[in-house]
Amino acid sequence: MSGKKQHHIPQSLQRGFLFDVKAEKTYVHRRDGRHFPASISDVLAQRYFYSRQSSDGSVTLDDRITVYEDRLGRLLSRLRDIPINGGVDAALAAEVIAHLTPRTANMRRIFGSGMGQLMTAVAEAFADDDTVMTMLGLAEPEPNPVWNDHIARVFEEEPNLKMLFDRVPIERSLLDRIAFMAVKEHFVGSFDINSLGVTEVCTSILDRLDDEVRKAHNNALGQSLVADARMESLEKLKWRIQAAPPEGAILPDCVAIGTDDEVAGFLPYMMTKTASVCIVIMPLTSDKLLVGIRSGLATPNLGTFNHDAAACSDELFITASNAPIFDELRNDMGARWVGEIDALIQDALKEVLPSKNSLCSSSGKQAPLSPFTYQLTFSGLGNTEEEVAKYSETVQRVVNALHIGFNLELLDGFTFTTSFQATLEELDRGFDINTSPERMPDYIAEGAATALVLRDGVPKIRIILNAKYGVLLVGEETRDAEVALHLIVAGVAQVDTLSRMEKALPGFLLEPILTGDHGGILHCAVRKALRAYRYALDSADFGADDLFEQEFSKYLKATVDAAYANISKAKEEHAERSDFPKLFEITHGAAMDILISAARLIGHRHGMGKFELSEADASVVSALSARQLSSWAEVFSRDLQRFWQKETWTRADFYGLNIHAERVLWASGILLWRDPNSEETMIMAAPPPRQTGEHLAQ
């Protein structure tokens, strides 16, 4: 008869583990270390575990279970009457296990623990905007399959949005890129991740979790007192009665343990895969085990059953003996299923949660390679070998020290010169600079640059520095030496960067760009920015960091002002007399200048552990804000970080950042896109705004 005290493991099963048959007592061993004798009327039972008594006389879940337990008692008696090594009817064994294992508190606890961990992980994930951006496909630099599947599809399915997009006279692929960047900037900029309310929902669920788990568990039991799918699977095993370990079998609070094709050890049976379960063991008494094995498999070592069963228990197990060996088993109680739950949760979240790498964790440094040679040229620093010796020796010591952290195999050499610009122009590059996207050197700072050269078919880096930096390097002023050292490190970082790029895509930087290569054309405005970020990051903590931050901030402010002034002038001239090639050349160059200056400042700040560009120099913040580029700059910052956290790259990784060249031009009304017919790059300029007087005159 049902009542307030409801057994989640029935007394009919517990009676197989009594040390006092008349008083119906067993030994209880709890996870907290306590062990004591107890009446089975009080063991493995909770008040109203399944349901409260009905006030209107309707049948409750506990009523149904109580009625079924009459049948269960008879089934258990039949099983216990079978001698050791005797065969067992599969349907009989399957029904008993398929009823007993789903109804336990252990099952409820496992389900609740998994739900609790999952809700906590989801709450933590949605508290982190990087995670949400990853789930929406916004962690990538440009539209991607995740974005297309989850977000862009909404534009197609929402009638008003689709009608609006259809009316806009812009190539649809360009509209997609604009929408993508707008959403991405919204998340990085003004969007408050907490406004999603996910954390609050998860917290609310956690507060009600015990009630919700109890309700879900009881609803499942209410549908069927015997798990049909489990029973069908269990019937496929071959069943026998086997002898328990010499000390006597324990009864775990999960009732049965099992293993399947995907796990190496035993788990609570209800955690095994239904379709692939291959071994199941349930203790019937302290002397007998009910064992089911898939045909063709060997009988497992039953001598370790108690250790496995204890590890699969949650709160307790019971025994018919108080032997000291059972005390040892309590130490591992719960370990088996808790570890499995942790693994399951991690598997469930691994596709969602972003990598938690440090923002600048992947340094790109490689172990030193074989000995390398390079040239040292000093122009204007002395006429004799003795006069330049102090410069040469100091530079060599610096380079040898840097070789520990940088791959310098592709270092062509250093040139210190009093004729900086002339030296750059006269440098033998080894290839036709008129047809190469690398015709322009990389300017690091005033009087400091690197240039890609080709030596015997091998691309290398030449570092050109104003002679004054050689003087500063050997001078007595520490601050001056730090400035020179900083620039040398930046140049050396370019060599290391070239090595990484050549390893990933040999010959990529010197490939000619054809008119039909839209991605390649845009990338010419981006490639130097990628390198600027890297050399600024690597050289940041080699001294004079505050000075370089000031200089890089000044460069960015001046570049933004000059670039948009040039674009505005070019648009006005184009409106008067159409010249698309000239308009493209000026705007493309302006975009490149903005990206390089922004990447250089961002990289330097990241190298100093400063990851919020909004906290940079006020003039920079103001210049970006005036052109609605504040959120873009944060997006650019994150995309640069992610690019350099990759171990290697594909061409798509490089071209994916092209959207930033497009974005800084959108701010001035310049649109670039690929012609779907010719594959060439198209440009459109929004007309310059009318003057107020002209508007009024009309």
Side-chain angles (χ1 to χ4, degrees), residues 140-145 147-148 152 165 168-181 429-440 442 452 454 457 459 498 501-502 504-531 563 566-567 570-571 573-574 577-596 639 643 648-686:
E140 298 299 319
E142 63 179 352
N144 53 84
W147 161 266
N148 294 334
F165 276 19
V168 177
I170 298 177
E171 174 69 25
R172 179 53 192 268
S173 62
L174 176 58
L175 273 177
D176 289 340
R177 295 172 76 80
I178 293 173
F180 174 83
M181 186 59 80
R429 304 290 296 277
F431 58 87
D432 185 358
I433 61 173
N434 296 316
T435 61
S436 171
E438 289 292 329
R439 61 183 178 274
M440 293 297 296
D442 289 49
L452 186 66
L454 196 64
L498 175 62
M501 290 183 173
E502 278 295 299
L505 293 172
F508 171 68
L509 294 179
L510 286 174
E511 287 180 0
I513 305 298
L514 304 178
T515 57
D517 184 1
H518 174 73
I521 290 172
L522 283 187
H523 182 64
C524 288
V526 179
R527 58 171 60 193
K528 291 184 183 298
L530 294 177
R531 305 197 301 245
N566 291 339
I567 292 173
K571 287 175 61 178
E573 294 176 351
H574 181 73
R577 183 179 179 181
S578 295
D579 189 337
F580 286 101
K582 181 179 179 181
L583 177 65
F584 175 79
E585 181 181 0
I586 293 174
T587 56
H588 184 272
M592 178 173 62
D593 291 342
I594 294 170
L595 294 180
I596 291 172
D639 284 349
F643 178 87
T648 187
W649 309 282
T650 64
R651 187 179 299 268
D653 292 321
F654 285 95
Y655 285 8
L657 292 165
N658 291 351
I659 195 170
H660 291 289
E662 300 172 66
R663 172 61 181 91
V664 296
L665 294 180
W666 296 340
S668 60
I670 298 292
L671 300 178
L672 302 175
W673 72 95
R674 177 190 285 110
D675 186 320
N677 297 315
S678 68
E679 297 297 314
E680 295 184 351
T681 300
M682 306 296 292
I683 183 171
M684 181 175 76

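Shortest non-hydrogen contact noted between Pro437 and Arg527 is CG-NH1, 3.7 Å. Across Lys571 and Ser668, no two heavy atoms sit closer than the pair NZ-O, 2.7 Å. Minimum heavy-atom separation, Ala661 to Leu522: CB-O, 4.4 Å. For the pair Ile513 and Gly520, the tightest heavy-atom approach, listed with the atom from each and the gap, is CG2-C, 3.8 Å. Shown here for Gly507 and Glu502, the closest heavy-atom pair between the two residues is N-OE2, 3.1 Å.
Side-chain atoms of Leu174 and Trp666, non-hydrogen and from C-beta on, do get closer than 4.5 Å to each other. At least one side-chain heavy atom of Leu510 sits less than 4.5 Å from a side-chain heavy atom of Pro459. Taking the side chain as every heavy atom from C-beta outward, Arg651 and Phe508 approach each other to under 4.5 Å. In this structure, Leu671 and Ile683 have side chains that are not in contact, with every pair of non-hydrogen atoms separated by 4.5 Å or more. You'll find the side chain of Pro512 stays beyond 4.5 Å of the side chain of Thr435, heavy atoms only. For the pair Leu509 and Arg531, the minimum side-chain heavy-atom distance is below 4.5 Å. Side-chain contact between Phe180 and Asn144 is present, with heavy atoms from C-beta onward closer than 4.5 Å. Residues Met592 and Cys524 fail the side-chain proximity criterion, which asks for heavy atoms closer than 4.5 Å.
Under the side chain to side chain donor-acceptor pair (under 3.5 Å) criterion, the residue pairs touching residues 515-526 are Asp517-Tyr655, His518-Thr681, with sequence neighbours excluded.
In this structure a side-chain-to-backbone donor-acceptor pair under 3.5 Å is missing from Asp675 to Met682. Asp653 places a side-chain N or O within 3.5 Å of a backbone atom of Thr650 that can act as its donor or acceptor partner. With Ser436 contributing its side chain and Asp432 its backbone, the two residues share no donor-acceptor pair below 3.5 Å. Checking side-chain atoms of Lys528 against main-chain N and O of Leu595 turns up no donor-acceptor pair under 3.5 Å.
Here Ile659 contributes atom CD1 and Ile178 contributes atom CD1; the two are 9.0 Å apart, rounded to the nearest 0.5 Å. In this structure, CG on Leu514 lies 10.5 Å from CD on Glu680, to the nearest 0.5 angstrom. In this structure, the separation between CG on Asn658 and CZ on Arg663 is 15.5 Å, given to the nearest 0.5 Å. Atoms OG1 and CG, from Thr587 and Leu672 in turn, are 6.0 Å apart once rounded to the nearest 0.5 Å.
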Exercise. Yes or no on side chain to side chain contact (heavy atoms under 4.5 Å, CB included) for Val526 and His660, after CA distance, side-chain angles and deciding distance?
Worked result: CA-CA 8 Å; Val526 179; His660 291 289; 5.6 Å; no
Exercise. Taking it one step at a time, do Phe584 and Ile670 satisfy side chain to side chain contact (heavy atoms under 4.5 Å, CB included)?
Worked result: CA-CA 9 Å; Phe584 175 79; Ile670 298 292; over 6 Å; no
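No side-chain donor-acceptor contact under 3.5 Å links His574 and Asp579.
At most 12 non-hydrogen atoms from other residues, nucleotides or ligands lie less than 6.0 angstrom from CD of Glu585.
In terms of the ring pair (Phe, Tyr, Trp, His ring centres under 6.0 Å) criterion, residue partners of Phe643 (sequence neighbours excluded) are, by chain and number, Trp649, Phe654. Arg177 pairs by the side chain to side chain donor-acceptor pair (under 3.5 Å) definition with Glu142, Glu662, not counting sequence neighbours.
Annotation: cation-pi pair Arg439/Phe431 absent, no NZ/CZ under 6.0 Å from the ring centroid and within 45° of its normal.
Using a 4.0 Å cut-off between charged nitrogen and carboxylate oxygen, Glu438 and Arg429 do not count as a salt-bridge pair.
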